[in-house]
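Please read the structure below before turning to the comments.
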Amino acid sequence: MAAPNTSLTAGDLAHIDGQLAATDRLLDRNYPGDDGSRQPVHTVYVPADRFTPSFAADWGAQAAATAEAHGGFEKLGRLLGQDAALAEAVAGRVDAKLRTEPIEDLRLDFEDGFGDRGDDAEDAAAVAAASAVAQSFAAGSAPPFIGIRFKCFEAATRARGLRTLDLFVSGLAASGELPDGLVLTLPKVTTVAQVQAMDYAVSRLEEVHGLPAGRLRFEVQVETPQLILGPDGTSPVAQLPHAVPGRISGLHYGTYDYSASLQISAEYQSMEHPVADFAKEVMQLAVAGTGIRLSDGSTNIIPVGDNVENAWALHGRLVRRSLERGYYQGWDLHPAQLPSRFAATYAFYREGLPAAAARLRNYVERTEGGVMDEPATARALAAFVLRGVQCGAVGTEEVQALAGVGLPQLTALAHPRLATTSNS
């Protein structure tokens, strides 16, 4: 067959490549997509001086005891709207989770949860926290993800926050290799410049301790209106991924600081207030495609005393609401929130698995079904199922039976760019 005639010359194509070279570099560097690694379903905050190597196990025991005292895990499932079969399937998994890995991500708090106790007390607590974290990893009792939240970079607390960060990271580095799941959290960010300052601080710590460049990534807490809408009318949060490419691991929404800054009365401050939804939608847009993860905030309605079941129903509904909106992580503040966190999360994935798996099988096998899914939707289906596997809601054998794919293929479907990169 003769080659078809074209009008654009090699020079024309080279000219277009030149025009788009900057775009190509931007997409490659700043929009790598999600890396396919596990994202924790929650972050637990605790005053830094309360952490011990047995902390996670202690919280798990307290959470299980609360559930048992109020009728057990199946009753909790029904309280959250699960039918009998789903409640039974979820109950066993929640029970096992609280015994084996009750906390996925733990933040030792030197900010609001610690307060101002003076420099000597905070120095000692920072050194002790580094030692305790190192010990817990050595003993195998640490959560998969763990780290600290230090004081913010506003003028009044900047030096203290940096000193605590330095003492903690330096203490961990002196103890040996840094934990894979180490997480650092920068709170109350108002400007891009504060994030750039954090980038400089961790870069210097990497140099001093001989760590690979980029080893110390950090989360940014979005809890000030100035980060959503800047004085020039632009959105600083949208600039963050590009100001320090590859350095930010997550954006975490701060429910109560953000709401209070907008003069929302305490009674109405909530993860589902319209101001919260607006901020979180901006956050989603800001980091789409960058690989930066998102976390919703917390509810301060705690399941204790006579309010356990009402608080569980509220928490479970809010967890489900976040998941439906693409926020796969949130904050928990008390052991009694763990049962509703895991019960709501597991139910979300188990309820959605049959339909998602069927559509995924049809896509993989090129079988016509009631929905004609495009590659982008297939990626979303695979990512949903993969998250369910990673958090323990569903098993790989279930996925194989329903979708006809194993974990490697599921991961490749969810993150095809990674598969292409690994094969190149």
Side-chain angles (χ1 to χ4, degrees), residues 1-37 39 191-193 195-196 198-200 203 212-215 217-218 220 222 227-251 280-294 326 328 359-360 362-366 368 371-387 405 408-424:
M1 175 180 176
N5 293 325
T6 59
S7 300
L8 294 177
T9 68
D12 293 329
L13 298 179
H15 179 79
I16 293 171
D17 283 341
Q19 284 184 305
L20 296 179
T23 293
D24 294 339
R25 289 192 297 270
L26 174 69
L27 294 176
D28 186 61
R29 183 185 186 207
N30 293 28
Y31 295 96
D34 192 88
D35 67 6
S37 63
Q39 179 179 3
T191 67
V192 175
V195 171
Q196 291 171 318
M198 178 63 178
D199 176 57
Y200 174 80
S203 295
R215 173 65 179 84
R217 302 181 73 202
F218 56 87
V220 172
V222 181
L227 199 59
I228 297 297
L229 186 65
D232 60 354
T234 64
S235 178
V237 72
Q239 301 170 35
L240 297 185
H242 315 290
V244 290
R247 185 66 84 172
I248 299 171
S249 59
L251 299 183
K280 288 182 285 190
E281 287 168 3
V282 172
M283 290 163 60
Q284 277 183 304
L285 286 169
V287 301
T290 66
I292 295 173
R293 267 89 181 260
L294 295 165
Y328 299 106
R359 289 172 65 180
L360 199 57
N362 288 341
Y363 178 83
V364 170
E365 298 178 355
R366 300 292 191 269
E368 288 191 10
V371 181
M372 294 182 64
D373 287 315
E374 297 182 352
T377 303
R379 290 197 299 272
L381 290 166
F384 170 85
V385 176
L386 181 61
R387 285 183 181 275
V405 297
Q409 187 179 6
L410 179 65
T411 303
L413 287 166
H415 305 285
R417 181 170 178 174
L418 296 179
T420 301
T421 302
S422 63
N423 292 330
S424 61

- request: Quick one: list whatever passes salt bridge (charged side-chain N to carboxylate O under 4.0 Å, His left out) with D232, sequence neighbours left out.
  value: none

message: Can you give me the closest heavy-atom contact between G36 and H415, atom names plus distance?
response: CA-NE2, 3.3 Å

field: Note, L26 side chain near T23 side chain (heavy atom, < 4.5 Å)
entry: no

- prompt: Looking at A382 and L410, what are the two nearest heavy atoms and their distance?
  reply: O-CD1, 3.7 Å

- prompt: Is R387 close enough and on-axis enough to Y328, meaning under 6.0 Å and within 45°, for cation-pi?
  reply: yes

- request: Nearest 0.5 Å please: distance from the OH atom of Y31 over to the NE2 atom of H242.
  value: 3.5 Å

query: Are D35 and R293 ion-paired here, with the side-chain N under 4.0 Å from a carboxylate O?
result: yes

message: Working note: L227 + V220, criterion side-chain contact (heavy atoms from CB on, under 4.5 Å); need CA distance, chi angles, decisive distance, verdict.
response: CA-CA 10 Å; L227 199 59; V220 172; 4.2 Å; yes

- request: Step by step, work out the side chain to side chain donor-acceptor pair (under 3.5 Å) result for S203 and R247.
  value: CA-CA 10 Å; S203 295; R247 185 66 84 172; 2.8 Å; yes

field: Q39 (side chain) donor-acceptor with L294 (main chain) under 3.5 angstrom
entry: yes

field: Donor-acceptor under 3.5 Å (S235 side chain, L229 main chain)
entry: no

query: F218 versus V195: any side-chain heavy-atom pair under 4.5 Å?
result: yes

- request: Determine, step by step, whether V192 and V244 satisfy the side-chain contact (heavy atoms from CB on, under 4.5 Å) criterion, reporting the C-alpha distance in whole Å, the side-chain angles of both residues, the deciding distance to 0.1 Å, and the verdict.
  value: CA-CA 9 Å; V192 175; V244 290; over 6 Å; no

query: Going by the salt bridge (charged side-chain N to carboxylate O under 4.0 Å, His left out) test, which pairs reach into residues 9-29, not counting sequence neighbours?
result: D28-R417

- request: Quick one: do V282 and V237 satisfy side-chain contact (heavy atoms from CB on, under 4.5 Å)? Show the steps, please.
  value: CA-CA 8 Å; V282 172; V237 72; 3.8 Å; yes

- prompt: Are any side-chain N or O atoms of R217 and backbone N or O atoms of G246, one a donor and one an acceptor, separated by less than 3.5 Å?
  reply: yes

message: Would you compute the distance between atom CG of N362 and atom CZ of R359 and round it to the nearest 0.5 angstrom?
response: 9.5 Å

field: From CG (L240) to CE (M283), nearest 0.5 Å
entry: 10.5 Å

Interatomic spacing from CG in D34 to CD1 in I292 - rounded to 0.5 Å: 11.0 Å

message: Once rounded to the nearest 0.5 Å, what's the spacing between atom OG1 of T377 and atom OH of Y363?
response: 9.0 Å

message: Is the shortest side-chain heavy-atom distance between L251 and V287 below 4.5 Å?
response: yes

query: Atom CG of L8 and atom CD1 of I16: how far apart are they, to the nearest 0.5 Å?
result: 6.0 Å

Which atom of A286 lies closest to which atom of P241, heavy atoms considered: O-CG, 3.8 Å

- request: Work out which heavy atom in P236 is nearest to a heavy atom in G230; give both atom names and the distance.
  value: CD-N, 3.4 Å

